[in-house]
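A quick write-up on the structure given underneath.
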Amino acid sequence: MLNIQTHMDFEGQGRAEKLSRIIITLFGTVGLVWGYIIQQFSQTVYILIAGVLLASILTIPPWPIYRKKPLNWQKPRPDSQTAQSAGDETKKKKKN
């Protein structure tokens with residue numbers, strides 16, 4: 001079976017968000033300047049759309065760069081009711 005990672009760690013999420021903001025801001029600024037120079041607002045929109053697509057491709061999938069520091073989860077504790085009922089069943093079996 002193919003093992004595809006589908007998560008990002010918290011630092012990776014922050015890195016992805018920062019990268020997407022930088023890309024979109026950069027493309028928006030360049031698009032605005034270029035559109036002003038050639039007097040075509042449509043060019044500004046096209047450049048901004050290209051930036052959004054690039055940012056989406058680079059930040060939405062969970063690339064390995066966003067999974068460098070995974071959290072070490074604690075083992076789950078046994079539920080107190082489950083532990084008590086298991087203990088009661090063990091006592092009943094010992095009596096028989």
Side-chain angles (χ1 to χ4, degrees):
M1 180 186 247
L2 187 60
N3 185 12
I4 298 174
Q5 299 292 328
T6 59
H7 67 281
M8 286 186 196
D9 58 38
F10 288 122
E11 289 187 26
Q13 289 175 357
R15 191 177 302 124
E17 182 178 354
K18 186 175 181 179
L19 181 62
S20 68
R21 286 183 184 190
I22 289 170
I23 291 170
I24 291 171
T25 302
L26 181 66
F27 273 72
T29 304
V30 169
L32 188 62
V33 169
W34 179 249
Y36 181 75
I37 290 172
I38 64 168
Q39 295 293 305
Q40 287 286 324
F41 183 70
S42 62
Q43 294 299 311
T44 300
V45 174
Y46 294 146
I47 292 172
L48 182 60
I49 290 172
V52 169
L53 290 174
L54 179 65
S56 298
I57 291 169
L58 292 177
T59 60
I60 291 177
W63 300 109
I65 192 171
Y66 304 127
R67 293 184 275 124
K68 288 185 176 181
K69 297 180 181 177
L71 291 176
N72 294 323
W73 294 92
Q74 292 182 350
K75 302 238 186 246
R77 295 181 186 171
D79 188 21
S80 60
Q81 292 177 345
T82 307
Q84 286 177 352
S85 64
D88 293 342
E89 290 176 13
T90 307
K91 289 178 184 177
K92 289 179 185 177
K93 287 181 183 179
K94 286 182 181 179
K95 288 182 180 180
N96 291 338

Go through it in stages, so that I can follow the logic: the residues are Asp9 and Tyr66, the test is side chain to side chain contact (heavy atoms under 4.5 Å, CB included), and I'd like the CA-CA distance, side-chain angles, deciding distance and then a yes or no. CA-CA 6 Å; Asp9 58 38; Tyr66 304 127; 5.6 Å; no
Between Leu58 and Ile23, is the side chain to side chain contact (heavy atoms under 4.5 Å, CB included) condition met? List the steps. CA-CA 10 Å; Leu58 292 177; Ile23 291 170; 3.7 Å; yes
Might you work through the side chain to side chain contact (heavy atoms under 4.5 Å, CB included) test for Glu17 and Thr59, ending with a clear yes or no? CA-CA 7 Å; Glu17 182 178 354; Thr59 60; over 6 Å; no
Please walk me through it: do Thr44 and Trp34 pass side chain to side chain contact (heavy atoms under 4.5 Å, CB included)? CA-CA 7 Å; Thr44 300; Trp34 179 249; over 6 Å; no
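A 6.0 Å sphere centred on CZ of Arg67 holds more than 12 heavy atoms belonging to other residues, nucleotides or ligands.
Inter-residue side-chain proximity for Pro62 and Met8 is flagged as met; some heavy-atom pair is nearer than 4.5 Å.
Remark: Ile24 CD1 to Thr29 OG1 distance equals 11.5 Å, nearest 0.5 Å. Going from atom CG of Leu71 over to atom NE2 of His7 covers 9.0 Å, rounded to the nearest 0.5 Å. Within the model, atoms CG of Leu53 and CZ of Phe27 stand 10.0 Å from one another, a figure rounded to the nearest 0.5 Å. Atom CG of Leu26 sits about 11.0 Å away from atom CG of Leu48, to the nearest 0.5 Å.
Ile37 and Val30 end up in different hydrophobic clusters when Ile, Leu, Val, Met, Phe, Trp and Tyr side chains are linked at under 4.5 Å. Under a hydrophobic clustering in which Ile, Leu, Val, Met, Phe, Trp and Tyr are joined whenever their side-chain heavy atoms come within less than 4.5 Å, directly or via other members, Ile47 and Val33 fall into the same cluster.
Taking each heavy atom of Ile65 and Arg15 in turn, the nearest pair found is O-NH1, 2.5 Å. Pro61 approaches Ser56 most closely through the heavy-atom pair CD-O, 3.5 Å. Scanning both residues, Ile57 and Trp63, for their nearest heavy atoms gives O-NE1, 3.1 Å.
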